[in-house]
Structures are given as C-alpha cells and as structure tokens.
Amino acid sequence: VASEYLRPTTLAAAVAALAAQPSRRIVAGATDVFPAQVARVATGGSNALGPVLDVTAIPGLRGITDHGADWSIGATTTWADIAGASLPTMFDGLRAAARDIGGVQIQARGTIAGNLVTASPAGDSIPCLLVLDAQVVLASTRGERVLPLAAFLTGYRSTALRPGELITAIRVPKRAGRGGFRKLGARRYLVISIAMVAGLIEIDARSRRVRHAAIAVGACGPVACRLTGLEARLCGAPIGEVRPTPADLTMLAPIEDVRASAEYRRAAALQLIGDLLDECAAETGAGRA
Ligand SMILES: Cc1cc2nc3c(=O)[nH]c(=O)nc-3n(C[C@H](O)[C@H](O)[C@H](O)COP(=O)(O)OP(=O)(O)OC[C@H]3O[C@@H](n4cnc5c(N)ncnc54)[C@H](O)[C@@H]3O)c2cc1C
C-alpha cells in the first residue's frame, strides 16, 4: 500500500514516487494547497488530501545559483529566500514581488514553483518571470525538459505539467537592466491584486535611450502576458518619451468582479506601467549584469 505522506531527500526518490503514483499530490509550502482544501470542504467536498509528495526536504531544489550564462532558482526557494538574496538589478522586480506576497508567514513557506503551478491570474511572480524570459525546468523518470514560462502557462490555473513531473528549477538568462514591479490591491497587504505590472528595462547610460524593454501585466486576463507592441515602441526611444496608451493593452482581457471593473483594471494597468517607466527614467545608469 502506498504511503499517504512521503518526504524524499533526493530528486531520484521523488520522481520514482511520482512515476509509481502519478496522482500523488506534490506539496511544497502548502500555502495554496491547504486553503484550496478548506474551500473544497466548505462546499461539501472531501477532506482527504490523498497521497502527498512533500518536496521540501530535497536539498538541491532550494536556493539561487549562478550558472555563468544564467541563474537557477530552485523550485522550493521561498519568497523570503528571494527577498533576502543578493542579486543583480535585473531581479529587482521579482524581489519586490517577493516582499509583497502575503505576509511574512506566507513568504517563509510559499515557494516560487508553487506560485507557478497554481497559475492564478493574480500570481505575483508570473509577470516578473515573464519579463526575465524565465524557463521552467521539469523532471520525471523520463528525464528533464525545459519550457519557456509562457509555454508552461497554458490558461486559467492550468499548466503544461505532465503527470509524473515536478518542477526542479526556474532558469533565468542573465542580462543587464533593472527590474521593477507594481501591484494594485484594495489595501497594502494580504490582498489579491486588481492589476500588476512587471518590467525589465535597460537604458544606455550615455544616450538615455532604451536598449531593451520587457513589460508584462498580470491580473488582467486568464494568464499574465507581455505587451510586445509597447516593448517595440520603447526600444530605441529616449526613456520618458514613449507613454503607454490604451492601444498597447489590446491583448488584455480583464474580468469584472467584486474587486474591480474591467475598465478600472485597464486604467490601473496603464497607470502602473507609466509609474514603472517614470521610476526607470528617474534612475541613473543601465544597471549591472
Ligand atoms: C494568506 C495568503 C496570502 C497570499 N498572498 C499571495 C500574494 O500576495 N501573491 C501571490 O502570488 N500569492 C499569494 N498567495 C498564494 C501562495 O502563497 C503562493 O502562490 C505560493 O507561492 C505558493 O507556494 P507553495 O509552496 O505554498 O505552494 P503549494 O501550496 O505547496 O503548492 C501549490 C501548487 O503547486 C504544486 N507544486 C508545488 N511545488 C511543485 C513542484 N516543485 N513541482 C510541481 N508542482 C508543484 C502543488 O501540487 C500545487 O498544485 C497567498 C496565500 C495565502 C494563504
């Protein structure tokens, strides 16, 4: 009989357990798994979590490593780990998001892979990782596969994770520039975002022109997305010259709900992007790689 709770200490043991029982539920910080369970019970669902695979005792899955051409953020790296890490300016947006996720208790337990697999439209790490061109590293007994984050996220709360697979790391190619993150909620902490924006901007220090621009918006559609039209308009222009317009937001599909109307979400996204660009213009230099 398969054990209800497994906490392997090697990746090999973890993928073997998943191969033997692909329906086994992967759990890291459980800050999404437990509230979802409570919600299920409240609506008459089962209280049983079923067999669990706790991935938090696998040492190689936690921490941030410099691999030369890219960075690797281990799947079970927590928000507190990310907020406290010494990282180049390209990660300023992700670190700002880490400091805003839930409160300190959630940041101590919640992990980066958990946030991606939940794939909530309001998942704060998602726009930050989209602008970093992050890739998701997946492992199973069949080996490893690597997917761009945009391909990993297949829709509202859905991903390309296959049965028997787990995320081992998030890979981020190194580049110059400075990251930023802004989120709007009904209050400062412990709130689901109404809209959020992440950016990675590299400015030529001499000409003050934009060398590279990546802008992504979250909570304004089923999946966060990059604003490629705006990015193209920004590239090569003096920083501060190009302003976001409603036409830049055509790929967004914001919902109307108790938190905000679709129109308000679009207006909020425009304001947040403008604020992010102003912040960039106010900063000197291009950031270090
Ligand atoms: C009070 C509260 C406030 C919150 N505030 C925010 C917020 O401000 N912003 C925000 O974005 N989120 C927020 N969250 C949601 C949550 O904390 C984050 O999404 C967190 O990063 C989830 O990580 P976890 O390790 O706890 O995931 P878990 O709950 O352990 O897992 C979540 C999902 O990921 C899967 N999973 C976990 N690790 C792996 C892996 N290595 N490979 C494959 N699948 C895996 C699990 O099977 C499950 O489907 C909040 C939650 C609470 C309870």
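Order of appearance sets the numbers: ligands from 1, and atoms from 1 within every ligand. Every value quoted in this text rests on a predicted model; they were computed, and no experiment measured them. All residue numbers in this chain count up from 1 along the given sequence.
- Within a 6.0 Å sphere centred on CZ of Arg109, other residues, nucleotides and ligands contribute 12 heavy atoms or fewer.
- The residue from Gly114, Gly74, Ala169, Gly102 that puts a heavy atom closest to atom 5 (N) of ligand 1 is Gly102.
- The atoms of ligand 1 that sit less than 4.0 Å from any heavy atom of Leu166 are 42 (N), 43 (C).
- Of the listed residues (Val52, Asp124, Thr111, Val33), the one carrying the non-hydrogen atom nearest atom 29 (O) of ligand 1 is Val33.
- Annotation for ligand 1: atoms under 4.0 Å from non-hydrogen atoms of Gly123 are 11 (O).
- Partners of Phe152 by ring-ring contact (aromatic ring centres under 6.0 Å, His included), not counting sequence neighbours: none found.
- Of the N or O atoms in Trp79, one or more lie within a sub-3.5 Å distance of an N or O in ligand 1.
- At under 3.5 Å, not a single nitrogen or oxygen of Ser125, backbone or side chain, sits near a nitrogen or oxygen of ligand 1.
- Here is the list of ligand 1 atoms found below 4.0 Å of a heavy atom in Ala122: 11 (O).
- Considering backbone and side-chain atoms together, Val55 places no N or O closer than 3.5 Å to any N or O of ligand 1.
- Between the side chains of Thr56 and Arg7, a donor-acceptor pair is found at a separation under 3.5 Å.
- Listed by first and then second residue, the ring pair (Phe, Tyr, Trp, His ring centres under 6.0 Å) pairs involving residues 82-128 are Trp71-Phe91 (not counting sequence neighbours).
- Distances below 4.0 Å separate heavy atoms of Asp100 from the following atoms of ligand 1: 8 (O).
- Both the backbone and the side chain of Ala28 come within 4.0 Å of ligand 1, judged by heavy-atom distances.
- Of all atoms in ligand 1, listed by their number and element, those nearer than 4.0 Å to a heavy atom of Thr118 are 32 (C), 33 (C).
- Polar contact with ligand 1: absent for Pro35 (N/O pair, distance under 3.5 Å).
- Polar contact check, Leu161 against ligand 1: no nitrogen or oxygen pair lies under 3.5 Å apart.
- Arg99 and Asp124 are not joined by a salt bridge, as no carboxylate oxygen comes within less than 4.0 angstrom of a charged side-chain nitrogen.
- Taking only non-hydrogen atoms, the option from Asp54, Ile26, Asn115, Thr31 nearest to atom 12 (N) of ligand 1 is Asn115.
- An N or O contact shorter than 3.5 Å is missing between Ile101 and ligand 1 by distance.
- Among the candidates Arg171, Arg226, Arg175, the single residue satisfying the side chain to side chain donor-acceptor pair (under 3.5 Å) test with Asp133 is Arg226.
- Checking Asp204 against Ser207 by side-chain atom types alone, a donor-acceptor pair falls below 3.5 Å.
- Polar contact with ligand 1: absent for Arg25 (N/O pair, distance under 3.5 Å).
- Of all the atoms in ligand 1, the ones that sit under 4.0 Å from a non-hydrogen atom of Ala75 are 41 (N).
- Atom CD in Gln37 sits 6.5 Å away from atom OG in Ser46 (nearest 0.5 Å).
- The Ala30 neighbourhood of ligand 1 comprises atoms 24 (P), 26 (O), 28 (P), 29 (O), 30 (O), with distances under 4.0 Å to a heavy atom of that residue.
- Close contacts of ligand 1 with Lys183, meaning ligand atoms under 4.0 Å from a residue heavy atom, involve 8 (O).
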